[in-house]
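The block underneath contains the structure these notes are about, expressed in structure tokens.
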2 protein chains.
Amino acid sequence: MAGIEEVAKLAGVSTATVSRALSGNGSVSQATKLKVDAAAEQLGYVVSSNASSLASGRTKNIGVVVPFLNRWFFSTVLEGAQQALLRDGYDITLYNLAGDGAERHSVFEHFLLRQRVDAVIAISLELTADEVSRLHRLKKPLVGVGGPIPGVRTLAVDDTAVARLATGHLIALGHRRIGHIGGVLELDVDFHLPSNRRVGYESALRDAGLDVDPALFRPADFTIQGGYQAAKQLLGSPYGRPSAIYAASDEMAIGAILAAKDLGLSVPRDVSIIGIDDHDLAEFFGLSTVAQFPRAQGEKAVQMLMEELHPERHDPVQSSIALPFELVVRSSTATPSAE
Amino acid sequence: MAGIEEVAKLAGVSTATVSRALSGNGSVSQATKLKVDAAAEQLGYVVSSNASSLASGRTKNIGVVVPFLNRWFFSTVLEGAQQALLRDGYDITLYNLAGDGAERHSVFEHFLLRQRVDAVIAISLELTADEVSRLHRLKKPLVGVGGPIPGVRTLAVDDTAVARLATGHLIALGHRRIGHIGGVLELDVDFHLPSNRRVGYESALRDAGLDVDPALFRPADFTIQGGYQAAKQLLGSPYGRPSAIYAASDEMAIGAILAAKDLGLSVPRDVSIIGIDDHDLAEFFGLSTVAQFPRAQGEKAVQMLMEELHPERHDPVQSSIALPFELVVRSSTATPSAE
DNA sequence: ATGAAAGCGCTAACAT
DNA sequence: ATGTTAGCGCTTTCAT
């Protein structure tokens, strides 16, 4: 393990100059920079992040906190963030809050606060006021993705508008009885999106002069399984069967498609189905959906943090950003067939 | 940010004693330990990981390298590892090698070597000899999960045996024409499992005195989509249609189930299908499979690293471990129907 | 543009 | 069992 001193010796300069040359902070002549780079290269020198962090107070490391890893949305945001950070020379330290409150507590008490990170990205996590204020007190920039955190800059699609768009699509096709598979309320206190996605649905119905029928709502857990079961119940009833279903996530929508098939119903002839997300599998299932772009969300979160961490290098921070979303019509939605 | 000095002052001891009391290294009387703990608690003191790492040479941080994040196997291993590490007070720094070689190169050149980690877990990644030797030179323990790395302790199920078990199950049911959906060879140089899973299939066939018919093999990319397309081709042919399909992953097997349905074939009456993994969705689809336990694999990888990092605290290292796997019979496999 | 030197906040000998 | 002290390997003033 070559140290900075050896590089300095080989390049014939002081360690201070090596540090400046390699980090880009402070001015170094073109000529010496070249010498230093060559020496570092030759020795295979890599800075010790610990020594560097200790001396500078910067860790070049971002903490990312997620509630789950094995869900498409989270892992995709994470991937986007990771790639953006890699470009800026940052590492990611991952905190997975799956599990009980004890785990969560320990993450905050002992891990995040260890000064191992320069900033934190919280994905779909509603942090408590206490957790937020601790981070603030440490002057760690914090940005949320996909879930509103009070007092924190958050990157999230307008869930109500998204829901209205999905529902509106069905209404525009002529559907009048539109079922909704939404989130379980008890589950996932961290999510507000289930209720927002329901609010948008209801407002779209009302705007179209349609009644909101509570019998047409089924809660589920955002999984394919959950969507399947909810859809079976919705579609099983011979009387009030909806001609269309709007599910609050693509995974649940896919479950609904499978349920319809198993009931012998044809999609979209007998029932139209739309989801939200544009999940990897949506295309395969021909699922109409409202796309959000989690990978881009991850990248944008990084960009926001970089602006806070390096104000000099960036244009002024835009405090609030409207995230894009987009209706994607595939083959799971169509005009309702004549009764 | 309270420092160790303030804690020492408050507790009325030296910083060395605080360090010992809090870390558990070195001996401290019960009484002073209590005092120190109280003082630290009162001040909200948390050690600076950088200062600690710099002084001790230990980072309490493990690097985890994965090729993808949004695949069930990887994220599940990662989750298992994360949870195990949390218990031991370790953080995870995540390196995602998705993307091109440049990214991979930069991960190794500049990230892993920054001395930010005490050890590395490589998931389903075949590291080059050069990459391995660099890690070795740095004396960083390295363990692989799910993919064989030459010269490195690897945790992996015996893929050949697993494949033989899956195929054997079909043979035992009486199937004679057994198709196989396996990995694309060009894709994923990092995986050897596709070929091992094919070798096991072929050897099971031969053991049973059955011919290996190359027409019954289709490559796919380990996704549901890929499995669907491969299965359509396998099942579409009216002549040589296999009575059973063994897919090298559950995701591909699920694709095969969907393909069978779309072709109007009933599973398992017209065709039996088995996969490998015991994916989250396997139960939902009634998929018979050979379960491996990725979460446990992640935990075990951590355990191995801990044994290397803290030999004193652990029983002697078992160098090689046979990982468990288990046939799970659900409703996608059955005796072939009479011709 | 470059160098000298004082820390960054801890840990680990070494003493006692 | 506890204190003293010398670093760990850098970055960053402050000079020049």
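Letters A, B, ... are given to chains in the order of the sequence lines, protein chains preceding strands, and every chain is numbered from 1.
With values rounded to the nearest 0.5 angstrom, A:S75 atom OG is found 6.5 Å from A:E79 atom CD. Interatomic distance, CD of B:E299 versus CG of B:L85, reported as 10.0 Å (0.5 Å rounding). Distance check, rounded to the nearest 0.5 Å: CZ of A:R71 to CG of A:L78 gives 15.0 Å.
At least one donor-acceptor pair under 3.5 Å links the side chain of B:D118 to the backbone N or O of B:T59. No donor-acceptor pair closer than 3.5 Å links the side chain of A:T154 to the backbone N or O of A:V145.
If you measure from atom CG of B:N25 to atom P of C:dC10, you get 15 Å, rounded to the nearest angstrom. Rounded to whole angstrom, the span from the CG atom of A:D118 across to the P atom of C:dC8 amounts to 19 Å. Taking atom CG of residue B:L22 and atom P of nucleotide C:dG9, one finds them 17 Å apart after rounding to whole Å. When rounded to the nearest whole Å, the span between NZ of B:K9 and P of C:dC10 equals 13 Å. When rounded to the nearest whole Å, the span between CG of B:N50 and P of C:dC10 equals 10 Å.
By the 30° and 60° cut-offs, the orientation of the rings of B:Y90 relative to B:H310 is perpendicular.
Defined by atom type and a distance below 3.5 Å, a donor-acceptor pair is present between the side-chain atoms of A:T17 and A:S14.
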Pick out the pairs of N or O atoms, protein on one side and nucleotides 2-5 of chain C on the other, that lie under 3.5 Å.
{"from": "C:dT2", "atom 1": "OP1", "to": "A:S29", "atom 2": "OG", "distance (Å)": "3.3"}
{"from": "C:dT2", "atom 1": "OP1", "to": "A:T32", "atom 2": "OG1", "distance (Å)": "3.3"}
{"from": "C:dT2", "atom 1": "OP2", "to": "A:S29", "atom 2": "N", "distance (Å)": "2.8"}
{"from": "C:dT2", "atom 1": "OP2", "to": "A:T32", "atom 2": "OG1", "distance (Å)": "2.7"}
{"from": "C:dG3", "atom 1": "OP2", "to": "A:S14", "atom 2": "N", "distance (Å)": "2.7"}
{"from": "C:dG3", "atom 1": "OP2", "to": "A:S14", "atom 2": "OG", "distance (Å)": "3.0"}
{"from": "C:dG3", "atom 1": "OP2", "to": "A:T17", "atom 2": "OG1", "distance (Å)": "2.7"}
{"from": "C:dG3", "atom 1": "N7", "to": "A:R20", "atom 2": "NH2", "distance (Å)": "2.7"}
{"from": "C:dG3", "atom 1": "O6", "to": "A:R20", "atom 2": "NH1", "distance (Å)": "3.2"}

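Interface limits on DNA chain D: the 5'-most and 3'-most nucleotides within less than 4.0 Å of chain B heavy atoms are D:dA1 to D:dG9.
Within the structure, salt bridge (Lys or Arg N to Asp or Glu O under 4.0 Å) contacts touching residues 19-35 of chain A (residues at least two apart or in different chains) are A:K33-A:D37.
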